[in-house]
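Report on the structure given below.
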Amino acid sequence: METQKSLSQPAVLGIDVAKLKLDIVLRTTDGKSRSKVIDNNVAGFTNLDTWVKKYHTGKLHVCMEATGTYWEAVAEYYADQGHAVSVVNPAQIKAFAKTLLSRTKTDNVDAGLIAAYCALHQPDRWSPPSAEMRALRAWLARREALQAMCTQEKNRLGVARENLIAEIEAHIVYLKNAINLIDIAVRDLIDRHPGLKAQYTLLDSVPGLGERTIPLLLAHYGGESRFDCAKQAVAFAGLDPRQHESGSSVRRKTRMSKMGHASIRRALYMPAMVAMTRTAWGRVFAKRLAANHKPPMVIIGALMRKIVQIAYAILKSKTAFDPKLQHA
């Protein structure tokens, strides 16, 4: 019976992702494991296909961690071929390694852990985003990188020697121009796709959201919904509360988990501040929490979480923001 069960399951391909290479562990249906290292590019993927077919010719369950953006190409490659692809949170693999008392940390061992986790837990299947969503995320990732460079240069300007000031100022101007061009490209991309444009209009009905935040929310929550509920959408951004209690004596403060996309949290801080100080619904929300003796930073975090919940509800229902619902 055990043999029949193992044979009925697909072979698993565990991938430990790095910028330039991929460490691979293939777990075939007979329970054997084989490993390989390939380049993280299309040529490497093709070589991997040839290698895998020596041991398995059927469908695969491909699993990898969400490591920056380095996993996207290989995930899209196998999803386009019709294989099941799962992209898991690195924290899940780390916790799984602890349950196995794993003491060794290498790329090959990590790939084996990912394959073992996938075979045991059968994580949810990842759906590749549409071409326009991929383009939108790429533009926004580039914008965030340029904005970080611009901030660094502004910080250097205050302590730079006199002979470097002109060069740093010129670089800041260049970065600002590049950021403006990306903003134009992002808006053009949204305008050229009716679905994204309609969703942008819906989110634009929320007081406190603007032209910087809405594209980011669209990039992660727009298009075809990949979340079953608002709670999942909140957790994706790492805005869900984290409790730590043990026995009768350990009662730590509930904090934001931050086990999600930091870029979303960074983008939502200022909209939360604007909602709290300049919008009717935000002031009502903040006043209610303040009456319960919540400190200002907790209120801001709650507003960030509330914005994600509102955005999710609007996109799912295809209905514009209704302030009466928030006041209620």
Side-chain angles (χ1 to χ4, degrees), residues 133 136-137 139-148 150-151 176 179-180 182-184 186-187 189-191 196-223 225 227 229-241 255-290 294-328:
M133 293 299 291
L136 180 59
R137 292 174 191 174
W139 277 124
L140 293 177
R142 179 58 179 166
R143 189 190 192 283
E144 185 176 19
L146 292 178
Q147 187 63 59
C150 191
T151 300
K176 287 183 177 180
I179 291 171
N180 289 335
I182 288 178
D183 289 339
I184 294 172
V186 166
R187 191 58 207 238
L189 175 67
I190 293 172
D191 288 342
L196 284 179
K197 188 174 182 179
Q199 290 183 327
Y200 185 101
T201 302
L202 287 172
L203 292 178
D204 197 30
S205 67
V206 182
L209 296 186
E211 58 183 8
R212 297 287 180 269
T213 312
I214 294 175
L216 187 73
L217 291 174
L218 278 181
H220 295 291
Y221 300 110
S225 178
F227 303 105
C229 60
K231 186 176 180 180
Q232 291 180 359
V234 168
F236 180 77
L239 292 168
D240 50 323
R255 300 181 182 276
M256 191 183 296
S257 74
K258 296 186 178 180
M259 295 179 65
H261 274 259
S263 59
I264 301 176
R265 297 195 299 274
R266 285 193 294 268
L268 289 178
Y269 181 81
M270 285 308 298
M273 289 288 291
V274 172
M276 183 173 65
T277 58
R278 300 184 183 180
T279 69
W281 77 268
R283 284 194 292 266
V284 170
F285 185 86
K287 185 177 180 180
R288 177 166 56 83
L289 293 182
K294 301 297 183 183
M297 289 305 298
V298 171
I299 295 175
I300 292 172
L303 273 166
M304 292 164 64
R305 182 165 57 251
K306 187 66 173 178
I307 289 173
V308 172
Q309 293 170 337
I310 290 172
Y312 173 83
I314 286 174
L315 293 176
K316 185 173 183 178
S317 66
K318 299 180 182 179
T319 305
F321 178 78
D322 185 356
K324 295 179 181 178
L325 295 177
Q326 308 307 318
H327 292 166

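Nearest heavy-atom pair, Pro271 versus Gly208, reported as atom, atom and distance to 0.1 Å: CB-O, 3.6 Å. Nearest approach of Pro215 to Leu136, heavy atoms of both residues: O-CD2, 3.9 Å. Taking each heavy atom of Gly223 and Leu196 in turn, the nearest pair found is N-CD2, 4.5 Å. Ala272 and Met304 make their closest contact through CB-CG, 3.6 Å (heavy atoms, listed as atom of the first residue, atom of the second, distance). Of all heavy-atom pairs spanning Ala230 and Tyr312, the tightest one is N-CE2, 3.3 Å. Nearest heavy atom pair, residue Met276 against residue Ala286, reads CG-CB, 3.6 Å.
Both tests hold for Arg288 against Phe285: distance to the six-membered ring centre under 6.0 Å, angle to the ring axis within 45°.
Applying the side-chain contact (heavy atoms from CB on, under 4.5 Å) test to Val234 and every residue at least two apart in sequence or in another chain returns Leu239, Asp240, Arg305, Val308, Gln309. In terms of the side-chain contact (heavy atoms from CB on, under 4.5 Å) criterion, residue partners of Gln147 (sequence neighbours excluded) are, by chain and number, Arg143, Cys150, Thr151, Ile179. Every residue meeting the side-chain contact (heavy atoms from CB on, under 4.5 Å) condition with Gln232, not counting sequence neighbours, appears here in chain and number order: Phe227, Asp228, Cys229. Every residue meeting the side-chain contact (heavy atoms from CB on, under 4.5 Å) condition with Asp191, not counting sequence neighbours, appears here in chain and number order: Arg187, Lys197.
Checked by atom type and distance alone, the side chain of Trp281 never pairs as donor or acceptor with a backbone atom of Val206 at under 3.5 Å.
Residue pairs that meet the salt bridge (charged side-chain N to carboxylate O under 4.0 Å, His left out) test with at least one member in residues 199-223, sequence neighbours left out, are Asp183-Arg212. Judged as a side-chain hydrogen bond (donor to acceptor under 3.5 Å, both in side chains), not a single pair has a partner in residues 213-223 (not counting sequence neighbours).
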